[in-house]
Amino acid sequence: MSLLQQLEELKAEALAELNSIDDSKKLESWRVQYMGKKSKLNEVLRGLAGLSIEEKKTVGAGANSLKLDLDVALKGKEQVLGEKIDQPAGEAPLDISLPGRTPPVGRLHPITQVITEMSQIFVSMGFQVVEGPEVEWDYYNFDMLNIPKEHPARDNMQTLWVDYENEKGERPMLLRTHTSPMQIRVMEKIKPPVRIVVPGKVYRYEAIDATHIPMFTQIEGLAVDRGITLADLKGTLYDFARRYFSSDRKARFRCDFFPFVEPGVEMSIECAVCKGNGCRLCSNSGWIEILGAGMVHPRVLERVGIDPSVYSGFAFGMGIERVPMLRYGIDDIRLFYGGDLRFLRQF
Ligand code: FA5
């Protein structure tokens, strides 16, 4: 029998035997028998010495391809048996049939979720969502909103100023204290009808307590058109409250003062923790203020080139964190930013 024929037979025999193997011990002895130093394959190769150069080439190539075939078949069998022969001693065998480890999946921060939900409610009423800069000019944050330099209303919004000086030696840049500057930026660009909401972060240098933090989120609303009245403002905000909280939740309007609206109001929602009876969170009043609002001041409209004898508008600025606090009965605003996953994972 020629050496090539011997290789063919060896291959058939090795593969048939491999087929019937069902454990790793047998597989190892199969490897030693057919692929080890004293294997049958090496025995055949020893016969190469007596051959001509031409024969050596063909038989050598056949032997190499047989080696390769046996190696591939061995690897396949290892996988089927679910364990590797060359696994380091002492390690548990790899069981490829076990389910994989689930990678931890992140989620949106509760405030981001609330912004999305609120925006959807206002979009369904015809408002567009826009965003604006958190680093703002004094001009937009105060001056254009009827709050000139010495106005006491500036004291209510303890301001974080940016360390930047212009050529006149002024420091006119700040971290916006509310989202209201976006009223001006929008009305400078878009003429009525205007209906926008602006969610975003705002900053105040304030003492921290259960309902106050120095970086919080607001959503501004602005509607300007012919014939807009305070009734439209109340209708919009009551509808929002009904849809976000439910219709049995009490909401209250009271007069308030903001230099950029006339008249000005504030809206409060019945405290969720004490159900209106009074507690630490609501300072025993039974109510938590969620927003300031009012009819856009005629002087503000004039400054952006909108004729107040033709157009009128309403605006509101709602503190976003306080809204989910009132829905879920969360008794401390700091929980949103404490990074405690036991709290955050509930949303
Ligand atoms: C304003 O910021 C006005 N720009 C609102 C406004 C807009 C009035 C348009 C008229 C027309 P105020 O400072 O009251 O108003 O803040 C609005 C809301 O932000 C508050 O009702 C409250 O819900 C929330 N808020 C205020 N300060 C904080 C704070 N430190 N931490 C958390 N929420 C706050």
Side-chain angles (χ1 to χ4, degrees), residues 111 114-115 118 127 132 136 140-142 144-147 151-160 174-187 194 196-224 228 230 232-234 236-237 240-241 244 251-269 271-272 281-283 285 287-297 299-301 312-327 330 332-337:
I111 296 303
V114 177
I115 290 177
M118 284 184 171
F127 289 80
E136 188 51 283
Y140 286 112
N141 196 83
F142 291 125
M144 287 294 276
L145 288 166
N146 225 4
I147 316 176
H151 198 290
R154 286 197 179 207
D155 297 343
N156 296 338
M157 296 192 184
Q158 302 288 347
T159 308
L160 292 155
L174 47 82
L175 295 184
R176 67 177 176 191
T177 58
H178 52 170
T179 41
S180 299
M182 277 304 285
Q183 290 183 30
I184 307 296
R185 286 183 179 272
V186 166
M187 286 190 288
V194 173
I196 51 125
V197 285
V198 190
K201 290 202 178 67
V202 301
Y203 304 83
R204 293 182 196 176
Y205 183 63
E206 270 195 16
I208 298 173
D209 62 27
T211 50
H212 293 85
I213 37 173
M215 183 209 77
F216 59 103
T217 326
Q218 285 190 338
I219 184 163
E220 191 81 9
L222 173 72
V224 185
I228 292 214
L230 194 66
D232 296 308
L233 171 64
K234 282 184 92 171
T236 304
L237 291 176
F240 166 80
Y244 189 83
R252 177 183 82 176
F253 266 89
R254 286 200 308 185
C255 290
D256 203 347
F257 171 76
F258 301 95
F260 40 98
V261 288
E262 184 56 40
V265 292
E266 58 111 319
M267 183 178 174
S268 299
I269 303 288
C271 178
L281 183 68
C282 60
S283 310
S285 69
W287 298 92
I288 290 186
E289 181 205 307
I290 60 159
L291 61 88
M295 300 303 292
V296 182
H297 200 292
R299 229 177 285 155
V300 172
L301 291 177
S312 56
F314 69 70
F316 61 85
M318 191 180 331
I320 292 189
E321 286 80 2
R322 292 192 188 174
V323 176
M325 284 175 79
L326 283 159
R327 187 197 247 180
I330 297 165
D332 199 319
I333 195 168
R334 288 165 284 198
L335 284 166
F336 287 114
Y337 300 105

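Both counts, for ligands and for their atoms, begin at 1 and track the order of listing.
Inter-residue side-chain proximity for Ile184 and Val300 is flagged as met; some heavy-atom pair is nearer than 4.5 Å. Counting only heavy atoms from C-beta outward, the side chains of Arg204 and His178 approach each other to under 4.5 Å.
Closest heavy-atom approach to atom 1 (C) of ligand 1 within the set His297, Glu321, Arg204, Arg334: this belongs to Arg204. When the heavy-atom distances from atom 14 (O) of ligand 1 to Met325, Glu289, Glu220 are ranked, the shortest goes to Glu289.
Between Phe260 and ligand 1, not a single N/O pair is under 3.5 Å apart. In terms of polar-atom proximity, defined here as any N/O pair under 3.5 Å, Thr177 makes no such contact with ligand 1. In terms of polar-atom proximity, Gly317 is not counted as a contact of ligand 1, lacking any N or O under 3.5 Å from an N or O of the ligand.
For atom 6 (C) of ligand 1, the nearest protein heavy atom (residue, atom name, distance) is Gly292 O, 3.4 Å. Nearest protein neighbour of atom 31 (N) of ligand 1, counting heavy atoms only, is Ile213 N, 3.1 Å. The nearest heavy-atom contact from the protein to atom 15 (O) of ligand 1 is Phe258 CE2, 3.4 Å. Here the heavy atom of the protein found nearest to atom 30 (N) of ligand 1 is Glu206 OE1, 2.8 Å. At the shortest separation from atom 18 (C) of ligand 1 among protein heavy atoms lies Gly319 N, 3.7 Å. Distance from atom 33 (N) of ligand 1 to its nearest protein heavy atom, with residue and atom name: Phe216 CD1, 3.4 Å. The nearest protein atom to atom 23 (O) of ligand 1, hydrogens excluded, is given as Ile290 O, 3.1 Å; this is a heavy-atom distance. Looking from atom 19 (O) of ligand 1 to the surrounding protein, the closest heavy atom is Gln218 NE2, 3.3 Å.
Residue Gln183 approaches ligand 1 through these ligand atoms, each under 4.0 Å from one of its heavy atoms: 9 (C). In the vicinity of Leu291, heavy-atom distances shorter than 4.0 Å reach the ligand 1 atoms 21 (O). Taking every heavy atom of Ile333 and a limit of under 4.0 angstrom, the matching atoms of ligand 1 come to 32 (C). Those atoms of ligand 1 with a heavy atom of Met157 less than 4.0 angstrom away are 1 (C), 2 (O).
Looking at Phe316 against ligand 1, only its backbone comes within 4.0 Å, counting heavy atoms. Under 4.0 Å from ligand 1, the heavy atoms of Thr211 that appear belong solely to its backbone. Residue Ser180 touches ligand 1 through its side chain alone, judged by heavy-atom distances below 4.0 Å. When non-hydrogen atoms are compared, ligand 1 lies under 4.0 Å from neither the backbone nor the side chain of Glu266. Contact annotation for Val261 and ligand 1: only side-chain heavy atoms (C-beta onward) come within less than 4.0 Å of the ligand. If you look at His212 next to ligand 1, the close heavy atoms, those under 4.0 Å, come from the backbone and the side chain alike.
When atom types are taken as modelled, the side chain of Arg185 and the backbone of Tyr140 share no donor-acceptor pair closer than 3.5 angstrom. Formation of a donor-acceptor pair under 3.5 Å by the Ser285 side chain with backbone atoms of Trp287 is found in this model. Judged purely by atom type and a 3.5 angstrom limit, Glu220 has no side-chain atom pairing as donor or acceptor with the backbone of Val198. Of the possible donor and acceptor atoms, none in the side chain of Gln158 sits under 3.5 Å from a partner among the backbone N and O of Glu206. The closest donor-acceptor contact from the side chain of Thr159 to the backbone of Met157 lies under 3.5 Å.
Checked against salt bridge (charged side-chain N to carboxylate O under 4.0 Å, His left out), Asp332 has the following partners two or more places apart in sequence or in another chain: Arg334. For Tyr244, the ring-ring contact (aromatic ring centres under 6.0 Å, His included) partners at least two apart in sequence or on another chain are Phe240.
With rounding to the nearest 0.5 Å, the separation of CZ in Arg176 from CG in Asn141 is 9.0 Å.
The aromatic rings of Phe260 and Phe258 sit tilted relative to each other, their planes meeting at an angle between 30° and 60°. Using the six-membered ring where Trp is involved, Phe257 and His151 have ring planes that are parallel, under 30° apart on the 30 and 60° scheme.
The side-chain contact (heavy atoms from CB on, under 4.5 Å) test with Met325 singles out one residue from Leu335, Ile330, Ile320, and that residue is Ile330.
Heavy atoms only, all atoms of each residue included: Ile147 and Pro259 are closest at CG1-CG, 3.8 Å.
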